[in-house]
Student: 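Have a look at this one.
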Amino acid sequence: VEINVCAPETEISAILDRACAILVTSGAQVNKSCGLHVHLDMRNRDSAEAFNRLAAAEDLLYTMQPVTRRRNKYCRRLGQAVETRRYRGINSESLSEHRTIELRMGASSTNADKIQAWIKVLLSVINNPQHTPVRLSDCVSAYGWDPALLAWVSERMRSFSPKAPYLKRAYTRRESSTPVNVAPAV
């Protein structure tokens, strides 16, 4: 079953609260095969810049996800082979039809707080021009995360990727020899 919730960023929280309450009340459940796909509106953003910020934060975003999402064939990392480009965790194919960048790597949930936290993480990445943090503690200043969001991300990383470099005190992110700039022009 697919449920689409489309709303302005300023209204998404209240709408998700209501939608998730209905799902929970009706007995809806998710399992490991379910994914949470978030489409980020690019109508008033530089889509290439947003895509590049997401690509730079790809390691960070995947460390927050369970292994069932990280290994899922429908949300592959940017460098991995895929049947179709649509099946990338950061999908720019939706730009031409919907004017969105789709994030497919999220773990599904009927918990509105978890979904809203994931959306906050994604919006903070595309809205902040600072370099991609190399430690989780740097995300507060780079992305403007409040303590509650930092705690949520930290808990997810500790649960799903306990050896993630972002959790270590000192970590040098591997730098790509070629710049990431693969978002199609729109």
Side-chain angles (χ1 to χ4, degrees), residues 32 35-40 42 45-95 100-109 114-184:
K32 293 178 181 182
L36 174 66
H37 299 196
V38 175
H39 285 257
L40 300 173
M42 292 294 124
R45 291 186 172 98
D46 180 331
S47 59
E49 184 62 35
F51 182 90
N52 287 333
R53 288 175 186 166
L54 289 163
E58 185 178 51
D59 287 344
L60 175 72
L61 299 174
Y62 272 96
T63 59
M64 293 180 228
Q65 303 308 321
V67 70
T68 55
R69 295 307 295 163
R70 293 194 311 261
R71 293 186 182 159
N72 191 293
K73 70 178 184 177
Y74 298 110
C75 55
R76 297 282 192 195
R77 288 161 108 22
L78 291 172
Q80 292 180 318
V82 290
E83 293 173 25
T84 172
R85 288 182 51 165
R86 175 177 172 233
Y87 293 151
R88 297 222 181 268
I90 304 170
N91 172 25
S92 61
E93 293 296 300
S94 60
L95 275 169
T100 65
I101 293 176
E102 178 188 25
L103 283 290
R104 302 173 60 91
M105 81 271 293
S108 193
S109 179
K114 289 181 180 181
I115 296 169
Q116 290 172 35
W118 178 237
I119 292 170
K120 284 180 187 176
V121 166
L122 298 175
L123 289 172
S124 72
V125 169
I126 66 168
N127 289 334
N128 289 291
Q130 299 217 12
H131 65 87
T132 304
V134 294
R135 291 183 309 235
L136 188 56
S137 59
D138 297 334
C139 292
V140 174
S141 60
Y143 293 144
W145 290 355
D146 61 43
L149 187 58
L150 179 64
W152 180 82
V153 170
S154 178
E155 185 270 323
R156 288 188 68 80
M157 285 184 175
R158 289 182 203 297
S159 294
F160 301 130
S161 303
K163 296 180 181 179
Y166 287 98
L167 296 171
K168 297 179 181 171
R169 287 195 152 278
Y171 166 61
T172 304
R173 181 170 43 100
R174 63 175 162 75
E175 296 296 330
S176 173
S177 57
T178 55
V180 176
N181 189 6
V182 293

Student: Report the residues that fulfil side chain to side chain contact (heavy atoms under 4.5 Å, CB included) with Phe160, sequence neighbours left out, ordered by chain and then residue number.
Tutor: Pro66, Arg70, Arg156

Student: Quick one: which residue pairs count as a ring pair (Phe, Tyr, Trp, His ring centres under 6.0 Å) with a foot in residues 65-86, not counting sequence neighbours?
Tutor: Tyr74-Tyr87

Student: Which atoms form the tightest heavy-atom contact between Glu102 and Ser94, and what is the distance?
Tutor: N-OG, 3.5 Å

Student: List in chain and number order the residues that pass side-chain hydrogen bond (donor to acceptor under 3.5 Å, both in side chains) with Asn127, two or more places apart in sequence or in another chain; answer none if no residue qualifies.
Tutor: Arg45

Student: Testing the basics here: between Ala117 and Trp152, what is the closest heavy-atom pair and its distance to 0.1 Å?
Tutor: CB-CD2, 3.5 Å

Student: Return the set of residues passing side-chain hydrogen bond (donor to acceptor under 3.5 Å, both in side chains) with Trp145 (not counting sequence neighbours), or none when no residue passes.
Tutor: Ser124

Student: How long is the span from the CG atom in Asn52 to the CG atom in Asp46, to the nearest 0.5 Å?
Tutor: 8.5 Å

Student: With rounding to the nearest 0.5 Å, note down the distance linking CG in Asn128 to OG in Ser141.
Tutor: 10.0 Å

Student: How would you list all residue pairs meeting salt bridge (Lys or Arg N to Asp or Glu O under 4.0 Å) that involve residues 117-134, not counting sequence neighbours?
Tutor: none

Student: Could you measure the distance from the CD1 atom of Ile90 to the CG atom of Leu103? Nearest 0.5 Å is fine.
Tutor: 6.0 Å

Student: Find out whether Val38 and Thr100 are in side-chain contact, i.e. whether some heavy atom of one side chain is under 4.5 Å from a heavy atom of the other.
Tutor: no

Student: Report the distance from atom CG of Asn91 to atom SG of Cys75, rounding to the nearest 0.5 Å.
Tutor: 11.0 Å

Student: Report yes if some heavy atom in the side chain of Phe51 is under 4.5 Å from a heavy atom in the side chain of Met42; otherwise report no.
Tutor: no

Student: Using 0.5 Å steps for rounding, measure from the CG atom of Leu36 to the CE atom of Met105.
Tutor: 11.0 Å

Student: Would you mind reporting whether Arg77 and Asp59 have side-chain heavy atoms less than 4.5 Å apart?
Tutor: yes

Student: Is Arg86 paired with Glu93 through a side-chain N to carboxylate O contact shorter than 4.0 Å?
Tutor: no

Student: Name all pairs fulfilling the salt bridge (Lys or Arg N to Asp or Glu O under 4.0 Å) condition that reach into residues 137-149, sequence neighbours left out, sorted by first residue then second.
Tutor: Arg135-Asp138

Student: Report yes if some heavy atom in the side chain of Arg69 is under 4.5 Å from a heavy atom in the side chain of Ser108; otherwise report no.
Tutor: no

Student: Please report the interatomic distance CE(Met64) to CE(Met157), rounded to the nearest 0.5 Å.
Tutor: 4.5 Å

Student: Do you know the tightest heavy-atom contact between Ala55 and Leu78?
Tutor: CB-CD1, 3.5 Å

Student: Of all heavy-atom pairs between Gln65 and Ser161, which one has the smallest distance, and what is that distance?
Tutor: O-OG, 4.5 Å

Student: Taking the side chain as every heavy atom from C-beta outward, state whether Tyr143 and Val153 have any pair of such atoms under 4.5 Å apart.
Tutor: no

